[in-house]
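Atoms considered below: every heavy atom in the structure, side chains included; atoms not considered: hydrogens, waters and symmetry mates. By convention in this document, chain letters (A, B, ...) are assigned in the order of the sequence lines, proteins followed by strands, and residues within each chain are numbered from 1.
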2 protein chains.
Amino acid sequence: MTDLRRAGKRERLIAAARTLFHEQGVHVTTLAEVAQRGDVPVGNVYYYFKTKEELVRAVVDEYVGQAEALLAGFDTLRTPAARLKGLTRGWLDVADTVADHGCPVGGLCAELNRCDGALRGAGVEIFGRISAWVEAQFRQLGRRDARDLAMALLSGIQGSALLANTFSDATIMSRQARYLERWIDSLA
Amino acid sequence: MTDLRRAGKRERLIAAARTLFHEQGVHVTTLAEVAQRGDVPVGNVYYYFKTKEELVRAVVDEYVGQAEALLAGFDTLRTPAARLKGLTRGWLDVADTVADHGCPVGGLCAELNRCDGALRGAGVEIFGRISAWVEAQFRQLGRRDARDLAMALLSGIQGSALLANTFSDATIMSRQARYLERWIDSLA
DNA sequence: GTCTATATAGCGATAGAC
DNA sequence: GTCTATCGCTATATAGAC
């Protein structure tokens, strides 16, 4: 019971932080906001996370786990092209959220790379897994330039997320995702 | 003389802010840092900019002017494809800086869109001009889907800037730029 | 016009009662 | 394990001497 409540609060704090970091960014978000959104008393946050940095680290780890689960889900698809298109098509479902607040992972990486501290470059842990998976799919397609193609695909996705957010226009993201699907077909 | 000094200080403050916003982000940068880097006494900043928001606005306007000058420079090139490739090739020169701190405009837009206030969506003023110019070039190439192509090109650039920054690898940006040049040729 | 000193406010983090 | 009170620091912004 005690452990369960503890786990529940920790998870709620991470979930609240993840949402707020996405909506407003890490630096703007205060621990008081995280506590409030997570339904946890303000001063109690420090029992679960000794510093704010530790909370950010937990959110990064959360994204790593989510990315791995997402990619593992696509591995049931039969062809590499189908798996790549599965990843790409997934952005259609979140186009509206992305237009409102940008890509949660892309935004986090951009912010973490711009301040010093232990978290600088932590975004590699998330994007490194995704890019390795994408590269592997292109390699299975027999492409020698698999890494460049992986970067091209991820660039197209991340760039359109930034533009959709800048112009507050979800169709920029969804149209670009469909464009990338056809591009994958042209390579297969 | 007085007006010249005043203009010089204002410009120095904007230049300092532009650099610091790029390297660390807007929120992390303090007005004290801007004043120090611009060689202007700390308290004197408020004579030139009533609020920090006003300083950010000035930096945005600076980028708008730079973008217009950059695009006007490419207009001397004869064909639309050459102009588009000129814009794309320009990223080769700044690949290292982009790998270190991301795209200055992309990073600024991402940050401005995530906080409220008068500056929310100010990035449209910069990206709107660039995307309109790119779209016009594709239209001159006779493409009906000029807007989608413009977004695809800018997405590829901005996304590769984000990834180059995340992985601290300038070749991600430069290789992607060359890839996009060939892509432009394939459309012309 | 220039600069110093300071008001005001909010944050991360800690100490310690319960 | 939980929560309150508060410390110490830093930021924006202002008041006012020069």
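Considering only the side chain of B:Thr51, D:dA13 comes nearest among C:dG1, D:dC3, D:dA13. The side chain of B:Lys9 has C:dT2 as its nearest neighbour among C:dT2, D:dT2, D:dT14. With C:dG12, D:dT2, D:dA13 as the candidates, the nucleotide lying closest to the side chain of B:Leu31 is D:dA13. Comparing atom distances between the A:Pro41 side chain and each of C:dG12, D:dT14, D:dC3 picks out D:dC3 as nearest. Distances from the side chain of B:Lys52 to the nucleotides D:dT2, C:dC11, D:dT12 place D:dT12 closest.
Outside the 6.0 Å centre-distance limit, the rings of B:His27 and A:His27 are not counted as a close aromatic pair.
No side-chain donor-acceptor contact under 3.5 Å links B:Ser168 to the backbone of B:Ala164.
Atom C1' of nucleotide D:dT10 and atom CD of B:Glu33 are separated by 11 Å, given to the nearest angstrom. Separating the CG atom of A:Leu13 from the C1' atom of D:dT2 is a distance of 13 Å, rounded to the nearest angstrom.
An OP1 or OP2 oxygen of D:dG1 is reached within less than 4.0 angstrom by a side-chain nitrogen or oxygen of A:Tyr47. Applying the 4.0 Å criterion to OP1 and OP2 of D:dT2, one finds that A:Tyr48 has a side-chain N or O inside that range.
Atom CD of A:Gln36 is surrounded by 12 or fewer heavy atoms from other residues, nucleotides or ligands within 6.0 Å.
Note: B:Phe74 and B:Trp133 have tilted aromatic rings, judged against thresholds of 30 and 60 degrees for the angle between ring planes.
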